[in-house]
Number of protein chains: 2
Amino acid sequence: MEVFPGKILIVDDEPDIVEFISYNLKSKGYLIAAAKDGVEAIRKAKDFRPDLILLDIMMPNKDGIETIRELRAMHEFDDTAIIFLTALNDEKYEIEGLKIGADDFISKPIKPELLATRIGSALRRFRKDEEQEQKQTFGDLEINKTKFTVSYKGVDILLAKKEFELLCLLASKPGRVFLRNEILQRVWGTDVIVGDRTIDVHIRKIRQKVGIDLITTVKGVGYKFEMS
Amino acid sequence: MEVFPGKILIVDDEPDIVEFISYNLKSKGYLIAAAKDGVEAIRKAKDFRPDLILLDIMMPNKDGIETIRELRAMHEFDDTAIIFLTALNDEKYEIEGLKIGADDFISKPIKPELLATRIGSALRRFRKDEEQEQKQTFGDLEINKTKFTVSYKGVDILLAKKEFELLCLLASKPGRVFLRNEILQRVWGTDVIVGDRTIDVHIRKIRQKVGIDLITTVKGVGYKFEMS
DNA sequence: CGCCATATTACGGAATTGTTAAGAACTGAT
DNA sequence: ATCAGTTCTTAACAATTCCGTAATATGGCG
């Protein structure tokens with residue numbers, strides 16, 4: 001197992017299909033995770049961080065179209081390729097899916113070789129430079145998503161996971177105000193329901209730990225990231 | 001610039017592109033040769049013996065597909081990486097090219113940084129064959145993958161196989177966080193199913209045996225290798 | 001002042017990881 | 001094959017950290 005080609009999340013409600021695809025891709029060295037419906041898919045995507053998602057359209061509990069819409073809405077997965085699995089001749093979905101942000105389609109029944117080449121080319125198209133780390137700097141502040149670290153003037157600051165995610169979100173568009181609502185959806189996900197004060201508490205912790213005032217409150221609206 | 005990174009043959013019929021790429025790669029220390037079509041490419045390859053060939057697909061006088069086919073047919077260039085240059089969205093060639101023996105694709109217009117990283121990783125993939133002692137050192141720590149040993153300040157530390165593999169994985173990208181998921185699949189393989197605590201136990205043993213704190217826990221995410 | 005939104009603080013439950021020991025699985029030698 | 005020694009996995013429990021909430025404080029603004 002020398003180079004590893006990528007991580008793939010398979011989403012389908014039929015265990016047989018998941019098993020079949022999973023087996024095929026594993027043999028090619030991919031790392032696999034699976035989900036059985038849209039809700040689970042989004043949750044798993046958040047912590048598995050796949051390079052590509054194979055998404056069945058027909059599913060209970062949030063269908064493929066809706067799932068892809070949500071995934072694309074939180075911009076966390078902008079670098080993730082998404083391939084739809086469709087029943088044969090399901091063109092109406094294809095057009096729909098393309099508009100929303102699918103990158104390719106594969107019709108069932110699935111042929112292993114076809115699957116492999118399509119996945120390969122989708123990944124190549126999307127390949128972020130896996131080699132180099134994803135980091136952003138703002139003046140003396142550095143946020144490194146690969147290392148999960150934040151440092152200020154070279155000194156590391158230890159943030160908890162939620163704090164880190166929240167900071168990443170705000171820092172993804174410096175200056176832009178994120179509504180409280182939006183923050184909840186993007187950091188906590190659509191299913192989880194937490195009180196409003198929770199955000200404040202995390203914001204406070206970030207401010208406290210970082211020391212300087214990175215995050216500006218926009219009263220009645222939300223928060224934004226801004227270097228003074 | 002101590003070691004020279006490699007020799008590259010650029011094959012494209014547009015002088016501007018050749019010039020552009022050439023300029024970029026020279027600045028990184030590569031030795032460059034150029035050819036304007038497939039026929040010339042093969043001739044030059046024979047006496048320049050490049051480590052890597054950048055091959056345009058659309059060319060007069062023998063196109064890229066045909067050229068690569070011939071190059072691969074004579075086994076003289078089995079150790080040479082070949083990267084295709086394609087117009088955007090030219091997938092049909094990509095699949096074709098992969099079958100025949102291309103190692104990667106880069107779409108025009110070409111971005112210099114991307115070019116560099118792709119070339120770097122293609123070369124690295126091919127270099128691996130040259131068997132040399134694969135060892136890494138981090139401060140006082142040395143990991144020798146050929147000898148299967150780890151030493152700290154010159155003193156050997158006996159790690160069990162799984163412990164060694166785990167440490168190697170983490171050390172392969174110092175600082176980068178590996179998700180628990182990822183660790184399981186890459187160290188234990190995809191079929192084996194082991195409990196979550198197993199990872200912790202092995203981590204603990206490594207920490208215990210090595211003595212110093214090499215491995216940092218990122219709660220809710222995974223582990224990373226980091227010299228303090 | 002009184003209202004409203006946010007800030008702050010502290011606390012308990014939840015989730016995650018650390019630790020230990022025990023036995024299963026493996027290894028190599030006799 | 002048997003045995004000793006090691007390695008691997010698990011299970012149970014301890015320790016830690018994280019997260020959400022609620023209660024209270026603060027501060028702006030009409």
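All figures in this text were calculated on a predicted structure; none of them were measured in a lab.
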Inspect the contact between A:K111 and A:E113 and indicate whether a charged nitrogen and a carboxylate oxygen are less than 4.0 angstrom apart.
-> no

Distance below 4.0 Å between B:R204 side-chain N/O and C:dT19 OP1 or OP2 = yes

Interatomic distance, CG@B:L52 vs CG@B:D103, rounded to 0.5 Å, equals 8.0 Å

Provide, to the nearest angstrom, the distance between the NZ atom belonging to B:K205 and the C1' atom belonging to D:dC8.
-> 8 Å

Between atom CG in A:D196 and atom P in C:dC4, what is the gap in whole Å?
-> 15 Å

Looking at A:H202, does any N or O in its side chain come under 4.0 Å of the phosphate oxygens OP1/OP2 on D:dC18?
-> no

So what does A:L166 touch, heavy atoms closer than 4.0 Å: a base, only the sugar-phosphate, or nothing?
-> nothing

For B:F148 and D:dT7, what is the distance between atoms CZ and C1' respectively, to the nearest whole Å?
-> 14 Å

Which residue, B:T198 or A:K162, contacts DNA chain D at a nucleotide closer to its 5' end, judged by nearest heavy atom?
-> B:T198

Return no unless some side-chain N or O of A:T217 is found under 4.0 Å from OP1 or OP2 of C:dA7.
-> yes

When rounded to whole Å, the CD to P distance for the pair A:Q208 and C:dA10 reads 10 Å

Hey, is the side chain of B:R207 poking within less than 4.0 Å of OP1 or OP2 on C:dG18, counting only N and O atoms?
-> yes

A:V201 or B:V201: which one's nearest nucleotide on DNA chain C is closer to the 5' end?
-> A:V201

Distance in Å, A:E66 CD paired with A:T190 OG1, rounded so as to fall on 0.5 Å steps | 8.5 Å

Mind calculating the distance between CD1 (A:I206) and C1' (D:dC18) to the nearest angstrom?
-> 14 Å

Does A:K219 get its side chain close enough to the base of C:dT6, under 3.5 Å, for a donor-acceptor pair?
-> no

Provide, to the nearest angstrom, the distance between the NZ atom belonging to B:K161 and the C1' atom belonging to D:dG5.
-> 18 Å

Under 4.0 Å: is that the gap between some side-chain N or O of A:Y223 and OP1 or OP2 of C:dA5?
-> no

Round to a whole Å and report the spacing from CD of A:E163 to P of D:dC18.
-> 7 Å

Is it possible for you to check whether A:R180 lies under 6.0 Å from the centre of the six-membered ring of A:F178, through NZ or CZ, and within 45° of that ring's axis?
-> no

Would you mind reading off the distance between B:L159 atom CG and D:dT6 atom C1', rounded to a whole angstrom?
-> 14 Å

Does a nitrogen or oxygen in the side chain of A:R180 sit under 4.0 Å from OP1 or OP2 of C:dT6?
-> yes

Would you indicate, yes or no, if D:dC19 has its OP1 or OP2 atom less than 4.0 angstrom from a side-chain nitrogen or oxygen of A:W188?
-> no

Can we say A:K36 and A:D13 salt-bridge, meaning some charged N sits less than 4.0 Å from an Asp/Glu carboxylate O?
-> no

